[in-house]
Each structure stands twice: as structure tokens, then as C-alpha cells.
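Everything below concerns the one structure shown next.
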Number of protein chains: 2
Amino acid sequence: MNKDNNMEQQILQCAEELFLEKGFSLVSTTDIAKKAGCNQALVHYYFRTKENLFQQIFQAKFTKFLYIFTTFDDSDEPFTTRLRKKIEAHFDLLIENRQIPFLVINELILNEERRSALVKNIYNKNLEIYRRFDHELQEEIQKGNIRPISTIDLLINIVSMNIIIFFMLPMLESQFNFDEEEITEILQQRKREVVETIMCSIRPQNK
Amino acid sequence: MNKDNNMEQQILQCAEELFLEKGFSLVSTTDIAKKAGCNQALVHYYFRTKENLFQQIFQAKFTKFLYIFTTFDDSDEPFTTRLRKKIEAHFDLLIENRQIPFLVINELILNEERRSALVKNIYNKNLEIYRRFDHELQEEIQKGNIRPISTIDLLINIVSMNIIIFFMLPMLESQFNFDEEEITEILQQRKREVVETIMCSIRPQNK
DNA sequence: ATTTTGTTTAATAACCCTATTAAATAAATT
DNA sequence: AATTTATTTAATAGGGTTATTAAACAAAAT
């Protein structure tokens with residue numbers, strides 16, 4: 001409703017918030033219109049279908065969700081230092097977008113078509129990055145700096161431990177009544193613990 | 001529709017399958033009736049409301065989901081052996097109920113009332129078990145057998161790594177076309193990896 | 001100033017949803 | 001056999017949903 005911020009943007013913005021909160025199916029175009037302050041038909045005028053609108057939002061969120069698979073730091077710091085930073089960066093990204101894990105898991109499980117489209121997309125785009133990481137990791141294992149582990153298992157471990165706390169946030173907020181400050185602290189602590197757990201878990205056996 | 005298996009059971013059974021597959025809101029009482037082979041009104045006759053029907057199913061699933069929080073093995077094996085077994089038992093339970101993680105996460109995030117009711121219930125029922133586990137773990141840490149870690153972080157790590165693969169199953173099945181046998185193998189391998197990761201992650205620093 | 005284009009709304013078609021009602025059928029009890 | 005009770009169905013109220021349409025309004029271009 002800002003003067004040069006047009007209604008199309010407003011709708012997109014409101015839809016994003018609602019979808020993140022409740023997922024695709026629990027948000028109606030009427031809800032979106034109400035929040036954006038416009039007529040329900042306008043949502044369809046700009047985006048034609050609800051599915052369309054959702055796609056535009058979901059794609060970007062999914063990339064963030066898989067950050068750990070889709071970025072590569074080629075500075076000359078040691079591997080473990082870079083890995084640690086990558087885990088932290090992923091976690092920080094999720095802190096800024098706390099509902100992403102819920103949205104992604106939810107829609108990916110529920111909607112076969114979405115799954116199919118996204119997986120292919122991401123897979124093709126990031127294969128090269130994955131290969132470089134894979135190569136580096138297996139080299140470190142060869143050198144005996146890291147215990148043997150498959151690249152995919154390690155990445156899955158990281159993603160899983162990074163996202164889990166965000167599934168628990170609604171509980172911490174509404175059941176245990178933590179306030180925003182406490183939640184921030186819990187998240188920071190959890191981040192440290194994930195990094196610690198991962199780093200410990202890849203130490204070679206004989207060291 | 002079996003002769004002594006009455007329709008009430010049939011409805012419950014079908015509802016369970018559908019809820020596990022799609023969650024509460026994407027399953028209608030009409031869907032349930034169709035699957036059970038009866039009139040839609042009958043679902044309401046036996047269970048009055050859809051919410052009611054769902055509750056009966058969800059409660060049991062939730063307990064399984066938190067198995068790791070709600071069981072205690074007091075055999076005289078060493079702590080780490082029992083921990084390993086507990087992780088495996090939890091994972092095996094999820095193998096038998098693969099959609100539980102999705103259902104639980106989904107409904108717990110979406111529905112404040114469900115959350116509230118269940119959390120209190122579980123919390124009260126299992127506080128004693130949690131305390132015993134906590135006591136044992138911290139004792140092992142004192143003895144230097146395990147690196148310092150909070151009990152809750154350890155349990156969260158286990159749950160998170162145990163459940164994540166079940167979020168990925170739909171993708172493995174429909175996108176990468178793994179068949180049932182391959183999935184079984186993937187799950188077994190993932191179980192081993194989780195156990196390995198956890199056991200490695202709690203080794204004391206100096207060993 | 002008027003036409004053209006873009007934005008927004010009210011109205012509505014064509015669904016699907018839960019829950020209830022009364023009526024029909026089947027089973028159990030007297 | 002007749003009556004009571006339990007099971008099942010058809011019909012429907014009252015609500016919500018997406019998407020489209022035609023009409024109203026505003027802005028830009030001629």
C-alpha cells in the first residue's frame with residue numbers, strides 16, 4: 001500500500017508470510033487478499049493461480065534450505081575451517097528464515113509435482129559444486145585428517161541437525177514461553193552444538 | 001469389511017493410513033469413508049468429529065516419535081552399548097512407521113492446541129525417565145567416558161538424525177526411483193551411519 | 001479532452017468441506 | 001414374532017474454496 005510499492009509486490013510479500021506460516025494448502029487466496037488489503041480477484045489477476053504464486057516463493061526458499069549443497073568457499077583456509085564456516089552460514093541463513101524448514105519439508109513430501117520439478121532443477125544446477133566438495137572431502141579422508149564417511153551422509157547429517165531446532169521453535173515459543181531474546185540465545189547455542197557435534201563426529205578414530 | 005472386523009475399526013485403520021500420508025487437513029471425512037467403503041456420515045457417527053478421529057491416531061504416533069525420550073533400558077550393559085541400542089530401536093520403530101516424522105512435525109507446528117495438549121501429557125509422563133537418563137549421562141561425562149554435552153542436545157541430535165531420512169524417502173522413491181529393496185538397504189545403512197556419527201560425536205576429546 | 005491501457009472490485013459458477021438429520025436397514029432382545 | 005437397539009444411508013444446511021467474468025475506476029497516451 002506504499003505509494004510506489006505496488007500491489008503486486010504487496011501480494012507477493014503477504015503470500016510469502018502466510019505460506020511460510022501455514023504451508024500451501026492452509027492458506028487461501030482470500031487470506032492473502034485480506035492481508036494485502038485488496039480484493040481476492042486481484043491475487044488471481046496478477047498471479048492467475050495460487051499454485052503459480054506459491055512456486056515463485058517456494059523456489060527461492062528451497063535454495064536456501066539446501067545452502068550447504070549449493071555453495072562452495074574456495075578460500076585457502078583449511079578444509080575443516082571452511083566446513084565449520086559453511087555449517088554456521090547455513091544455520092544463520094535459517095535463523096533469518098525460521099519457517100523455511102517446515103515449508104520445504106512439508107511441501108516436498110506432499111506434492112509430487114513440486115518435488116519432481118525442484119529436484120531436477122537443483123540437481124543440475126549444483127552438481128559441479130557437489131563434486132568439488134566431494135573431491136575435497138574424500139581427499140582429506142585419504143590424508144587421514146577425517147574419519148571415513150560418505151559425502152552425502154555428512155551433508156545429510158549437517159542439514160538434519162541444522163534444521164531440527166526450527167521444527168521445535170513453535171513449541172519453545174508457545175509451550176515453554178521463551179521470549180525472542182531467549183530464543184536467539186537458544187539458537188546460537190544450538191548452532192555451536194551442531195558445529196561441535198559435526199566436527200567431533202568427523203575426527204579420525206586414531207586421534 | 002471382514003466379518004468380525006467391524007466398520008469402526010475399518011474406518012480407524014483407513015483414517016490412519018490417510019492421515020499419515022497427507023496430514024490432517026488434506027484428508028476429508030469423505031476420503032476416509034471412500035477408502036473404508038462406507039458412507040461419509042458413518043465416520044461422524046462413530047467418531048463425531050474429524051478432529052476426534054485424528055486425536056486417537058496422533059497420540060500413539062507421537063509417543064513413538066519420541067521413543068528416545070520415553071524409554072529406559074536398565075540392563076547392566078555399559079552405557080554406550082545401551083545408548084547404541086536405544087538409537088537403533090528408535091530408528092527401527094520409524095522404519096516400521098515411516099510417515100510418522102512427517103505427521104508429527106507437521107501437525108505439531110500447525111496446530112497450537114494439539115501441541116499444547118501433547119507436550120504437557122508427554123512431559124509429565126516421562127519426566128522420571130528423562131531424569132534417569134540425564135543422571136546416567138552426566139555421570140559418564142564426569143568419569144571422562146563421554147565428552148561434555150547437555151542431555152537435551154544429545155537427545156535432539158539423535159532424534160534429528162534419526163528422522164531426517166524419512167523426510168527424504170518420498171524423494172528417493174519417486175525422484176530417484178529406488179525400489180523397496182533398495183530403500184530397505186538405504187535405511188539400514190543410514191541407521192549404521194547415525195549410530196556411528198553419534199558414538200563418534202560423544203567420544204571424549206583426549207581419546 | 002478523449003481514447004486506450006492498466007488496476008481493482010462485485011458477483012458468481014462450480015466445486016469441496018464438515019456435521020447433522022431423518023429415514024432405512026440389520027441385529028439383538030424380549 | 002414383535003419390539004428395541006444399533007448400524008448405515010441419502011439428503012442437506014451452511015460454510016469455505018479457486019478461478020473467471022464483466023463492470024468500475026484510475027492512469028497514461030494520444
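In what follows, chains are A, B, ... by sequence order, proteins preceding strands, each numbered from 1. Below, each value reflects all heavy atoms present in this structure, side chains not excepted, and no hydrogens, waters or symmetry copies.
In the set D:dT8, D:dA19, C:dT21, C:dT21 carries the atom at the smallest distance from any side-chain atom of B:Ala41. You'll find that the side chain of B:Lys50 is closest to C:dT18, out of C:dT18, D:dT7, C:dT7.
As rounded to whole Å, 8 Å separates atom P of D:dT8 from atom OH of B:Tyr45. If you take CD of A:Gln10 and C1' of C:dT8, they are 15 Å apart, rounded to a whole angstrom. Taking atom CD of A:Glu8 as the reference point, atom C1' of C:dG6 lies 12 Å away to the nearest angstrom. To the nearest angstrom, C1' of D:dT18 lies 15 Å from CG of A:Leu26. If you measure from atom NZ of B:Lys34 to atom P of D:dT9, you get 15 Å, rounded to the nearest angstrom. Atom pair B:Asn39:CG and C:dT25:P shows a separation of 14 Å (rounding to whole Å applied). The distance from atom CG of A:Leu53 to atom C1' of D:dT18 is 13 Å, rounded to the nearest whole Å. When the C1' atom of C:dT7 is taken as reference, atom CD of A:Gln40 falls 16 Å away, rounded to whole Å.
Under the 3.5 Å distance criterion, with hydrogens and angles disregarded, a donor-acceptor pair is assigned to the side chains of A:Ser28 and A:Asp31.
At a threshold of 4.0 Å, the pair B:Lys35-B:Glu16 does not count as salt-bridged, since none of the basic side-chain nitrogens sits closer than that to a carboxylate oxygen. Ion pairing between B:Arg132 and B:Glu139 fails under the 4.0 Å rule for side-chain N and carboxylate O.
For D:dT18, one of the phosphate oxygens OP1 or OP2 lies less than 4.0 angstrom from a side-chain nitrogen or oxygen of A:Thr29. OP1 or OP2 of D:dT18 has not a single side-chain nitrogen or oxygen of A:His44 nearer than 4.0 Å.
Under the salt bridge (charged side-chain N to carboxylate O under 4.0 Å, His left out) rule, A:Asp153 has a single partner from B:Arg190, B:Lys191, B:Arg192, which is B:Arg190.
With a 4.5 Å cut-off on side-chain heavy atoms, B:Asn157 and B:Thr197 do not count as touching.
As judged by a 4.0 angstrom heavy-atom cut-off over every strand, A:Tyr46 is placed among residues touching the sugar-phosphate backbone only. Using a 4.0 Å heavy-atom distance criterion, A:Val43 is classed as making no nucleic acid contact.
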